[in-house]
Peer 1: 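Here it is: the structure, laid out below.
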Amino acid sequence: MKKSRRLALLGASGHGKVVADAAFLVGWRAVDFFDDAWPDFSCVGPWSVIGNSQRLIEQVSTYDGVVVAIGDNSIRLQKMTLFQELGLPLVTIIHPSSVISQYARIGKGTVVCAGAIINPFAEIGCGSIINTAATIDHDCKIADGVHVSPGAHLGGGVQVGKSTWIGLGASVKQCIRIGEDSIVGMGAVVVRDVPSGVTVVGVPAREMRI
């Protein structure tokens with residue numbers, strides 16, 4: 001693989017650290033962080049934060065790729081939409097220890113973390129996060145801006161709507177449909193379809209009402 005030169009990351013958070021680490025492993029030589037809390041927030045781990053979103057846009061010609069490394073699904077999608085409209089070079093970061101079928105499709109700006117498995121004919125939308133050791137089985141359809149948390153498992157043919165969050169260690173039965181902007185709680189076991197805009201928790205997962 002030819003080594004790329006410079007990567008700009010928007011989002012100096014824990015997720016940003018994970019993305020930076022994976023980026024170095026797949027050949028990016030330099031990573032610069034940007035965050036909208038700058039200049040009050042000036043470093044993340046060993047890396048300096050050198051500007052905010054606007055400064056990234058102004059300096060984008062000096063970068064070979066851009067990743068929105070923000071954990072919040074809605075904010076991540078907002079920033080990605082803006083950057084796409086402005087023609088910024090959004091890239092996908094795939095950790096080398098992940099296993100991805102040659103028949104799977106991964107959208108632009110998505111991050112696939114260490115140990116994740118994506119099986120044949122799964123489709124992952126743009127700007128999603130398939131986190132550490134998560135598994136996406138055959139024929140799943142994951143929309144834009146979804147976060148599948150560490151250790152979560154989706155059976156074959158599962159459909160997940162835009163901006164939904166699948167929590168740590170959750171399990172989703174095959175062929176289940178989960179709507180947009182929903183949350184599947186940590187450790188939940190989903191055996192029925194989940195509508196949009198709700199939070200489900202427990203075993204089996206049920207809608208949480210406040």
Side-chain angles (χ1 to χ4, degrees), residues 9-19 22 35-37 67-82 92-93 95 98 104-119 122-210:
L9 291 185
L10 178 65
S13 62
H15 179 56
K17 295 176 186 177
V18 172
V19 176
D35 195 283
D36 286 335
V67 174
V68 180
I70 295 173
D72 184 285
N73 291 340
S74 61
I75 297 174
R76 186 170 67 256
L77 275 183
Q78 289 172 9
K79 293 296 185 181
M80 279 198 58
T81 299
L82 172 63
T92 299
I93 300 294
H95 195 284
S98 62
R105 294 197 310 179
I106 311 294
K108 186 177 292 186
T110 283
V111 173
V112 181
C113 297
I117 299 173
I118 301 176
N119 278 331
E123 299 178 8
I124 313 298
C126 296
S128 288
I129 302 169
I130 310 301
N131 220 316
T132 308
T135 62
I136 311 296
D137 212 342
H138 64 87
D139 300 295
C140 286
K141 297 187 185 302
I142 310 300
D144 296 346
V146 169
H147 185 171
V148 181
S149 295
H153 304 292
L154 276 58
V158 168
Q159 298 183 35
V160 181
K162 183 178 177 182
S163 294
T164 280
W165 195 306
I166 310 294
L168 282 161
S171 299
V172 183
K173 181 184 174 183
Q174 68 272 14
C175 300
I176 291 294
R177 295 187 177 188
I178 300 175
E180 298 182 359
D181 297 303
S182 288
I183 297 172
V184 174
M186 181 176 65
V189 176
V190 181
V191 297
R192 299 182 182 87
D193 289 352
V194 176
S196 296
V198 303
T199 297
V200 297
V201 297
V203 181
R206 299 180 186 276
E207 185 175 346
M208 185 173 70
R209 300 184 182 276
I210 300 174

Peer 1: Does Arg76 use its side chain to pair, donor to acceptor, with the backbone of Ile70 at less than 3.5 Å?
Peer 2: yes

Peer 1: For Ile129, is there any backbone N or O sitting under 3.5 Å from a side-chain donor or acceptor partner on Thr110?
Peer 2: no

Peer 1: Drop me the distance from Cys113's SG to Ile93's CD1, to the nearest 0.5 angstrom.
Peer 2: 10.5 Å

Peer 1: Using distance alone, with no hydrogens and no angle criterion, decide if His153 and Ser171 have a side-chain donor and acceptor under 3.5 Å apart.
Peer 2: no

Peer 1: Quick check against the 3.5 Å criterion: does Asp144 have a side-chain atom that pairs as donor or acceptor with the backbone of Cys126?
Peer 2: yes

Peer 1: Rounded to the nearest 0.5 Å, how far apart are OG1 of Thr135 and CD1 of Ile117?
Peer 2: 6.5 Å

Peer 1: Between Ser128 and Ile142, which heavy-atom pair has the shortest distance, and what is it?
Peer 2: OG-CG2, 4.3 Å

Peer 1: Taking Gly156's backbone N and O only, do any of them form a donor-acceptor pair with Asp139's side chain (distance below 3.5 Å, no angle check)?
Peer 2: no

Peer 1: For the residue pair Ile166 and Ile178, establish whether any side-chain heavy-atom pair is separated by less than 4.5 Å.
Peer 2: yes

Peer 1: Shortest non-hydrogen contact from His95 to Ser98?
Peer 2: O-OG, 2.7 Å

Peer 1: Side-chain contact test, heavy atoms from C-beta onward, threshold under 4.5 Å: evaluate it for Pro204 versus Val189 and give yes or no.
Peer 2: no

Peer 1: Is a donor on one side and an acceptor on the other found under 3.5 Å between the side chain of Asn73 and the backbone of Ser163?
Peer 2: yes

Peer 1: CG of Asp181 to OG1 of Thr199: how many Å apart, nearest 0.5 Å?
Peer 2: 10.5 Å

Peer 1: Rounded at 0.5 Å granularity, tell me how far NZ in Lys141 sits from CZ in Arg105.
Peer 2: 7.0 Å

Peer 1: Give a yes or no answer on whether the side chain of Thr164 reaches the backbone of Gly179 with a donor-acceptor pair at less than 3.5 Å.
Peer 2: yes

Peer 1: What closest approach, in Å, do Ala104 and Ile118 show between heavy atoms, and which atom pair accounts for it?
Peer 2: CB-CG2, 3.8 Å

Peer 1: Assess the side chains of Ser74 and Asp72: does a donor N or O sit below 3.5 Å from an acceptor N or O?
Peer 2: yes

Peer 1: Of all heavy-atom pairs between Gly71 and Trp165, which one has the smallest distance, and what is that distance?
Peer 2: O-CZ3, 3.6 Å

Peer 1: Take Val200 and Val184, measure what side-chain contact (heavy atoms from CB on, under 4.5 Å) needs, and give me the verdict at the end.
Peer 2: CA-CA 5 Å; Val200 297; Val184 174; 3.9 Å; yes

Peer 1: Can you name the nearest heavy-atom pair linking Asn131 to Ser149, along with the distance?
Peer 2: CB-C, 3.7 Å

Peer 1: First locate atom NE2 of His138, then atom CD of Gln174, and finally report the distance between them rounded to the nearest 0.5 Å.
Peer 2: 8.0 Å

Peer 1: Give a yes or no on whether a salt bridge exists between Lys162 and Glu180, defined as a side-chain N under 4.0 angstrom from a carboxylate O.
Peer 2: no

Peer 1: Which pair of non-hydrogen atoms, one from Gly167 and one from Ala152, has the smallest distance, and what is that distance?
Peer 2: O-CB, 3.6 Å

